[in-house]
Amino acid sequence: MSTRPVSQKNADFFQSVFDLVRCIPKGRVTSYGAIAKYLGSARSSRMVGWAMNASHVHLDIPAHRVVNRNGLLSGKMHFSPPESMQTRLEAEGIRVEKDQILDFPKIFWDPNAELSID
DNA sequence: AGCTTGACTTTGA
DNA sequence: GTCAAAGCCAAGC
């Protein structure tokens with residue numbers, strides 16, 4: 001079973017996303033699809049992005065650790081200073097070039113694989 | 001009430 | 001490998 005309180009998918013989708021993103025280890029990144037899939041719908045990856053848009057009210061949300069499945073900083077433009085996203089990633093040891101994370105599959109953190117291991 | 005946009009993903013050609 | 005189209009659910013107009 002899930003070790004995280006994200007069972008309530010019918011509950012606040014945003015809260016579930018925030019909770020998971022908050023659990024992302026430092027120096028690691030994940031994709032919207034991974035989060036969406038963890039919540040039950042990989043197709044609703046857009047909702048994850050939408051939820052992140054509301055994450056600005058929650059300063060504890062490391063949204064910079066969330067990128068698209070391409071490892072591209074798709075949401076960096078939504079940061080206060082767009083470059084802050086890359087700065088934060090590099091501050092955690094993540095190499096980023098041209099808005100793209102290097103060694104993405106290496107630092108990729110899959111919640112469904114790390115948390116839901118049975 | 002309906003239509004458009006959006007921090008995406010997947011599948012098909 | 002790339003390009004185009006469909007699907008997804010919610011918020012905004």
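Proteins get letters first, then strands, A, B, ... in listed order; numbering begins at 1 in each. Only a predicted model underlies this, so the values are computations on that prediction, with no experimental measurement involved.
- Ion pairing between a basic and an acidic side chain is recognised when a charged N comes within 4.0 Å of a carboxylate O; A:E92 and A:R65 show such pairing.
- Relative to the side chain of A:M47, the nucleotides B:dA7, C:dA10, B:dT10 differ in distance, and C:dA10 lies closest.
- DNA chain B is contacted by A:S74, A:G75, A:H78 of residues 70-78 of chain A, taking any non-hydrogen atom closer than 4.0 Å.
- We find that CZ of A:F18 is positioned 12 Å from C1' of B:dA7, with the value rounded to whole Å.
- Here the straight-line distance linking atom CD1 of A:I101 with atom CG of A:L72 works out to 8.5 Å at 0.5 Å rounding.
- Across all strands, A:N53 comes closer than 4.0 Å to base atoms (heavy-atom distances).
- Residue A:S31 is in sugar-phosphate contact alone, with no base atom involved, counting any heavy-atom pair closer than 4.0 Å across all strands shown.
- Of all heavy-atom pairs between A:T30 and A:F108, the closest is CA-CE1, 3.7 Å.
- A:E83 meets the side-chain contact (heavy atoms from CB on, under 4.5 Å) test with A:P81; sequence neighbours excluded.
- Considering only heavy atoms from C-beta on, A:I94 stays 4.5 Å or farther from A:L102 through its side chain.
- Residues of residues 86-103 of chain A having a heavy atom closer than 4.0 Å to DNA chain B: none are found.
- Using a 4.0 Å heavy-atom cutoff across all strands shown, A:A51 reaches no nucleic acid atom at all.
- Taking the P atom of each, C:dA6 and B:dT4 are spaced 15 Å apart, rounded to whole Å.
- Atom OG of A:S45 is separated from atom CH2 of A:W50 by 14.0 Å, given to the nearest 0.5 angstrom.
- Distance from the side chain of A:S44 is smallest to C:dC9 among B:dT10, B:dA7, C:dC9.
- Scanning all heavy atoms of the two residues, the minimum distance from A:F104 to A:R69 falls at CE2-O, 3.6 Å.
- Distance A:L20 CG to B:dA7 P: 20 Å, rounded to the nearest Å.
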Could you spell out the base pairing of DNA chain C in dot-bracket, with Watson-Crick or G-U pairs whose two distances are under 3.5 Å, [ ] crossing and | to another strand? .||||||.|||||
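- Judged by distance alone, with hydrogens and angles left aside, the side-chain atoms of A:D103 form no donor-acceptor pair with the main-chain N or O of A:K106 at under 3.5 Å.
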Using a cut-off of under 3.5 Å, enumerate the N/O to N/O pairs linking the protein to nucleotides 11-13 of chain C.
| residue | atom | partner | partner atom | Å |
| --- | --- | --- | --- | --- |
| C:dA11 | O4' | A:W50 | NE1 | 3.2 |

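- The shortest heavy-atom contact between A:P62 and A:R22 is CD-CA, 4.2 Å.
- Among the heavy atoms of the strands, none lies under 4.0 Å from A:H64.
- Residues A:L73 and A:V96 meet the side-chain proximity criterion, which asks for heavy atoms closer than 4.5 Å.
- Looking at heavy atoms from C-beta onward, A:Y32 lies out of side-chain contact with A:M47 at the 4.5 angstrom threshold.
- The CG-C1' distance, from A:N112 to B:dT9, rounds to 15 Å in whole Å.
- One atom, CD1 of A:I35, and another, P of C:dC9, lie 18 Å apart when rounded to the nearest Å.
- Legend: side chain to side chain donor-acceptor pair (under 3.5 Å) pairs involving residues 51-61 of chain A, not counting sequence neighbours: none detected.
- A distance of 14.5 Å separates CG of A:D19 from CZ of A:F14, quoted to the nearest 0.5 Å.
- A:L89 has its side chain out of reach of A:R95: every pair of non-hydrogen atoms, C-beta onward, lies at least 4.5 Å apart.
- A:L39 places its CG atom 15 Å from the C1' atom of B:dT9, with the value rounded to the nearest Å.
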